[in-house]
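These notes are about the structure you will find just below.
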Amino acid sequence: MNKLKTMLSAVALCAGMTAFAHAAPETIKFSHVVAENTPKGQMALKFRDLVAERIGDKYVVEVYPNSQLFGDGKEMEALLLGDIQFIAPSLSKFSKYTKKLQVYDLPFLFKDMEAVDRFQQSEAGQALLESVKSKGLVGLGYLHNGLKQLSANDPLRVPSDADGKKFRIMSSDVLAAQFEAVDAVPLKKPFSEVFTLLQTRAIDGQENTWSNIYSKKFFEVQPYITESNHGVLDYMVTTSTEFWMTLPDADREVLQKALAESVAHGNAIANDKVMKDRKSIMESGRSEIITLSDAERQQWVEVMKPVWSQFQNEIGAEIIEAAVASNQ
Ligand code: SIN
């Protein structure tokens, strides 16, 4: 009888342990390279909170900001290997997987963020989310950061001011061509290295959004920022087909909805951050903000715009046309 009791207890214990093991929520890792007080940082935290609220018994989202887990170049590989489940890289960092997204790097393509948004929501823009599908990646949506500015050790008013200067760029051949067009020297470097490269004067300048220039303190080591608005830095929230398609349908639906709401949250704060971070930089007195006259800006446009035709075949003329049309 005692033996039977012991056996039954052991069975009950095992069953309990199995139930407990099944009940443990699955960890979803969201890795990114920027600070938490940015549109992407805030979007990821919102996603973590919504998942906890709606399906927290099954999934827990861990957010790793500031290249803590993986930096540029490594995060996509890590995603494909299943080490992380979500990333939101800059659209400039996908050229290994698709050439079509290079459209977003063409200089002076979009007149403002409303035009960027119109293009992203258009049929052509939405189709680009699918352009990485054959590589095992799922583009779940666009997230805004904003337009890019040029920062440097010396004032940049006209293209010849950039002559011979070294600029850090993201891993994009279009961005390399853009700086080569003004006879500058582009260097592809990870985001996590930019501050030190600037501080040690290993490079002369870089291009980025107000939010990244502020949150990563680039303005403290760059005495001049030219408000050029010459290009866009936005993101594609991305997961892997392997992770996404093996989720139960109902869970995927909940996660997708939470993600869409988090992206909307990030997009809603992106515009405000532009104004707020620009103001904080101005008030810091560490960096002079240079406003270009129309004639000066036109010089940059004229020198950089020929880059479009260099990449037209890789990107597709119809995609460039659709992007141009979004300016109307
Ligand atoms: C980011 O905003 O994710 C990084 C941008 C950069 O690499 O400059």
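Atoms within a ligand are numbered from 1 in the order they appear, just like the ligands themselves.
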Side chain, backbone, both or neither: E207 near ligand 1, heavy atoms under 4.0 Å: neither

Side chain to side chain donor-acceptor pair (under 3.5 Å) against R286, all qualifying residues, sequence neighbours excluded: none

Which residue and heavy atom of the protein sit nearest atom 3 (O) of ligand 1, plus the separation: K40 NZ, 2.7 Å

Residue part near ligand 1, for T38, under 4.0 Å between non-hydrogen atoms: neither

Salt-bridge contact D277-K273 (side-chain N to carboxylate O under 4.0 Å): yes

Nearest-contact summary for atom 2 (O) of ligand 1 - protein heavy atom, Å: Y235 OH, 2.5 Å

Polar side chain donor-acceptor pair, Y59 to D251, under 3.5 angstrom: yes

Side chain, backbone, both or neither: the part of N208 lying under 4.0 Å from ligand 1 by heavy atom: side chain

Under 3.5 Å side-chain donor-acceptor pair for N37 and Q42: no

For M170, atoms of ligand 1 separated by under 4.0 Å from a heavy atom: 5 (C), 6 (C), 7 (O), 8 (O)

Nearest protein heavy atom with distance in Å, relative to atom 7 (O) of ligand 1: K93 NZ, 2.7 Å

Where ligand 1 meets L233 - atom numbers and elements under 4.0 angstrom, heavy-atom basis: 2 (O), 5 (C)

Qualifying residues under ring pair (Phe, Tyr, Trp, His ring centres under 6.0 Å), relative to Y224, sequence neighbours excluded: none

Which residue and heavy atom of the protein sit nearest atom 8 (O) of ligand 1, plus the separation: R168 NH1, 2.6 Å

Heavy-atom pair of closest approach, residues S172 and S92: CB-O, 3.5 Å

Spacing of N327 atom CG and E114 atom CD [to the nearest 0.5 Å]: 11.0 Å

